[in-house]
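Order of listing sets the numbers, starting from 1, for every ligand and every atom in it.
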Amino acid sequence: MQLKRLKAFHTIAQLKSFSDAIAVTELSQPTLSRLVKQLEEEIGVELIDRYHRPLQLTPAGLFFYGKVDAILKELDSTITLTQKMAHPPDTLNIGFVPSVLYGLLPTIISKTKQRLPNLDVHLKDISSFKQVNALKAGEIDVGFGRFAHYDASIKQLLLRHERYVAALPNTHPLINSVDIHLSELQDYRVILYHQTHLPASNIKSMNSQSINNENFDSPALIGEPLLHLFAKQSAWPHQTTTVSDVQVALGLVAAGEGITLVPDSLKSVRTEQIIYRKLVHEDATSPIYLCALNNPIHPAFDILLEVIYEIYEDRGITYRRSS
Ligand code: BEZ
């Protein structure tokens, strides 16, 4: 089967118009019609309903389009990855979640560039869960995130666990406490910001106004990471507000709208309005993962990892070394 025929059909089906497909493919109407006709003859199925305007696909054509769309996308990303493998790039595309940007990421990048002066680094703000598809599509070469991925084509290294701290507005009654127990925070509005995208069955549906002991099963069933930490201490925030990311959450805390928990490296953000306090719970931590495709591995990967471990050593940060 000729790829040209599949691509002609795909473009017409996608644009639902022969004339738009002519403009995009720069092929003539007779050529496009001939390619689709040949495809239909080859598989013995009518794909385009020629009796309706605007153009429609037959039910079989609709099914075929869905499959061809997935195959052509896979082919594109395979070609991109193969080209990268054959011509080692001097660009490293890094996906990251906002919460690692406030920590060591800038230092890691500048040290990596010192070691590899010809390396161009591009940064892309992208949630942990979207990093898997971005790696597979060749949009990023490595990703730094806070959630584990379970995908056979992804290599994932746990770098370290970072302690959570409580972020309180500077008018909050607990700002003079040295160590805070999560149960002391349950009476205040908690601002949630994680984009967990966990399967619905793993997430306890929560009505922010009616959370109490009876509404929860076990902490393990609570998908939202901050509520999970509270639940582990048998604490149940009475009121929650969910926002799109950690910067917005800290903005609301600064405005006195509530409190939140953030990884320790964010404690330099908005310090005029926010007081950060340690939590007594040593296991209230957020992991940092480095992920990349198993194959091909970017040529800068080993140096990047070496730099990260060196920074941890220099700063006396407890970490987990992977071979
Ligand atoms: C860290 O804080 O450990 C870290 C931050 C960004 C990238 C990698 C590690």
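Residue nearest to atom 8 (C) of ligand 1, selected from Ile108, Leu104, Val100: Ile108 (by heavy-atom distance).
Those atoms of ligand 1 that come under 4.0 Å of a heavy atom in Tyr312, given as number and element, are 1 (C), 3 (O), 4 (C), 9 (C). Against a heavy-atom cut-off of under 4.0 Å, Leu105 is close to the following atoms of ligand 1: 5 (C), 6 (C), 7 (C). In the vicinity of Ile288, heavy-atom distances shorter than 4.0 Å reach the ligand 1 atoms 1 (C), 2 (O), 3 (O), 4 (C), 9 (C).
Contact annotation for Glu162 and ligand 1: no heavy atom of the residue comes within less than 4.0 Å of the ligand. Of the heavy atoms in Tyr319, none comes closer than 4.0 Å to ligand 1.
Judged by distance alone, with hydrogens and angles left aside, the side-chain atoms of Ser177 form no donor-acceptor pair with the main-chain N or O of Ile180 at under 3.5 Å.
In this structure, His149 has its ring center no closer than 6.0 Å to that of Tyr289.
The two residues Gln131 and Cys291 make their nearest non-hydrogen contact at OE1-SG, 3.6 Å. The nearest pair of heavy atoms linking Glu74 to Thr78 is O-OG1, 2.7 Å.
Scanning the protein for heavy atoms near atom 2 (O) of ligand 1, the closest one is Arg160 NH2, 2.8 Å.
By the 6.0 Å contact criterion, CZ on Arg320 is open, its count of non-hydrogen atoms from other residues, nucleotides or ligands being 12 or less.
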Practice task
Determine, step by step, whether Lys278 and Asp264 satisfy the salt bridge (Lys or Arg N to Asp or Glu O under 4.0 Å) criterion, reporting the C-alpha distance in whole Å, the side-chain angles of both residues, the deciding distance to 0.1 Å, and the verdict.
Solution key: CA-CA 9 Å; Lys278 265 177 74 184; Asp264 185 75; over 6 Å; no
